[in-house]
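Notes for the one structure printed next.
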Amino acid sequence: MSMSDKASLLKEIKEVFPFINKPQGLSLSFHKDGCPNCDVVRRHLEEYSGQELSRQALRYVHSEMGCLSAKGWSWVLPSLLRYCVGVDDTYDGVETEYLIYSLGPELKYQKEVLEHLSELNGPQVSCLIHFLEWCCDHPYWSGYCSGDIERAIGFMQSYRHNRKFKVSA
């Protein structure tokens, strides 16, 4: 997917990642009880109740994706993907960088990430791969973290294949 496909990628994101209601209480976090990190994330996200997350919320949650449940990922991804593709300021693009890292985990974190992805359907997984392909063609991201993008594409393609999702174009 080339940079010129930014509009088509945004259209795909809007089609397959509709905004959803925020998961409530413990269903928002990865660990349900006794995890101080997940407790802090739940408390911090209490002020955000809408379906679409603000830039301020994304600025906080991008580095805390590991503390979110699969339902939490499903709530965050529609806003995060739109933001990452829509922002033109790569100098301040840590959200994109962390999303790339989150989608291409090191071996020791892969089982956890598979749990985070478990609520997604086939078109959503394909869209995440399209997002990564877009990053691969992006003038900044392709140079800054090409190895991480390639690892993420491989991980997501393997996930899609192993879950036997129908491949969308």
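Residues: numbered from 1 along the sequence shown. Please read these numbers as outputs of a predicted model, since none were measured by experiment.
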**Report entry** Residues E15, K11; criterion salt bridge (charged side-chain N to carboxylate O under 4.0 Å, His left out); working and verdict
**Finding:** CA-CA 6 Å; E15 289 173 2; K11 181 179 184 233; 3.4 Å; yes

Query - Worked verdict on T96 versus F131 for side chain to side chain contact (heavy atoms under 4.5 Å, CB included) - result: CA-CA 10 Å; T96 303; F131 163 75; 4.0 Å; yes

Requested in this report: Decide yes or no on side chain to side chain contact (heavy atoms under 4.5 Å, CB included) for L68 and S29, but give the supporting numbers first.
Outcome: CA-CA 4 Å; L68 296 178; S29 60; 6.0 Å; no

Report task. Show your working on side chain to side chain contact (heavy atoms under 4.5 Å, CB included) between N162 and L114 and close with a plain yes or no. Result -> CA-CA 11 Å; N162 291 331; L114 292 174; over 6 Å; no

Report task. Using the side chain to side chain contact (heavy atoms under 4.5 Å, CB included) rule, take V125 and Y159 through it: C-alpha gap first, then chi angles, then the decisive distance, then the call. Result -> CA-CA 8 Å; V125 171; Y159 175 67; 3.7 Å; yes

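Contact record, I100 with C135: CD1-SG, 4.0 Å, taken as the closest heavy-atom pair. Smallest separation of non-hydrogen atoms from S69 and K32: CB-NZ, 3.7 Å. Across P78 and P18, no two heavy atoms sit closer than the pair CG-O, 3.4 Å. Heavy atoms only, all atoms of each residue included: L103 and M156 are closest at O-CG, 3.8 Å. In plain terms, the two heavy atoms of E150 and C136 that are nearest each other are OE2-SG, 3.1 Å. Taking all atoms of both residues into account, the shortest heavy-atom contact from K22 to L28 is CE-CD2, 3.9 Å.
Interatomic distance, CD of E95 versus CZ of R55, reported as 6.0 Å (0.5 Å rounding). Going from atom NE2 of H62 over to atom CG of L80 covers 9.0 Å, rounded to the nearest 0.5 Å. With rounding to the nearest 0.5 angstrom, the OG atom of S102 is 11.5 Å from the OH atom of Y109. Note that SG of C67 is 9.5 Å distant from CZ of R42, once rounded to the nearest 0.5 Å. The CG atom of L58 lies 7.5 Å from the SG atom of C84; values are rounded to the nearest 0.5 Å. With rounding to the nearest 0.5 angstrom, the CZ atom of F17 is 15.5 Å from the CH2 atom of W75.
Panel note: side chain S146, backbone G143; no donor-acceptor pair is recorded below 3.5 Å. Remark: side-chain polar atoms of S74 are paired, donor with acceptor, to backbone N or O of A70 under 3.5 angstrom. Although no hydrogens or angles enter the test, the distance criterion places a donor-acceptor pair under 3.5 Å between the side chain of N121 and the main chain of Q124. Counting only distance, with no hydrogens or angles, the side chain of E119 and the backbone of L117 share no donor-acceptor pair below 3.5 Å. No donor-acceptor pair closer than 3.5 Å links the side chain of R82 to the backbone N or O of E52.
Separation of the W134 and H138 ring centroids falls under the 6.0 Å cut-off.
More than 12 heavy atoms of other residues, nucleotides or ligands lie within 6.0 Å of CZ in F19, so this atom counts as buried by the packing criterion. When the shell of 6.0 Å around OH of Y60 is examined, it contains more than 12 heavy atoms from other residues, nucleotides or ligands.
Between F30 and the choices E64, E115, M65, the side chain to side chain contact (heavy atoms under 4.5 Å, CB included) rule is met once, by E115.
In this structure, the side chains of E12 and L9 come closer than 4.5 Å at one or more pairs of heavy atoms. Looking at E133 and D137, their side chains never come closer than 4.5 Å, going by heavy atoms from C-beta outward. With contacts defined as side-chain heavy-atom distances shorter than 4.5 Å, the pair L81/L10 does not qualify.
H44 and Y48 have tilted rings, their planes meeting at an angle from 30° to 60° on a 0 to 90° scale.
Following chains of ILVMFWY side-chain contacts shorter than 4.5 Å, one cannot reach I20 starting from L26, and the two form parts of different hydrophobic clusters.
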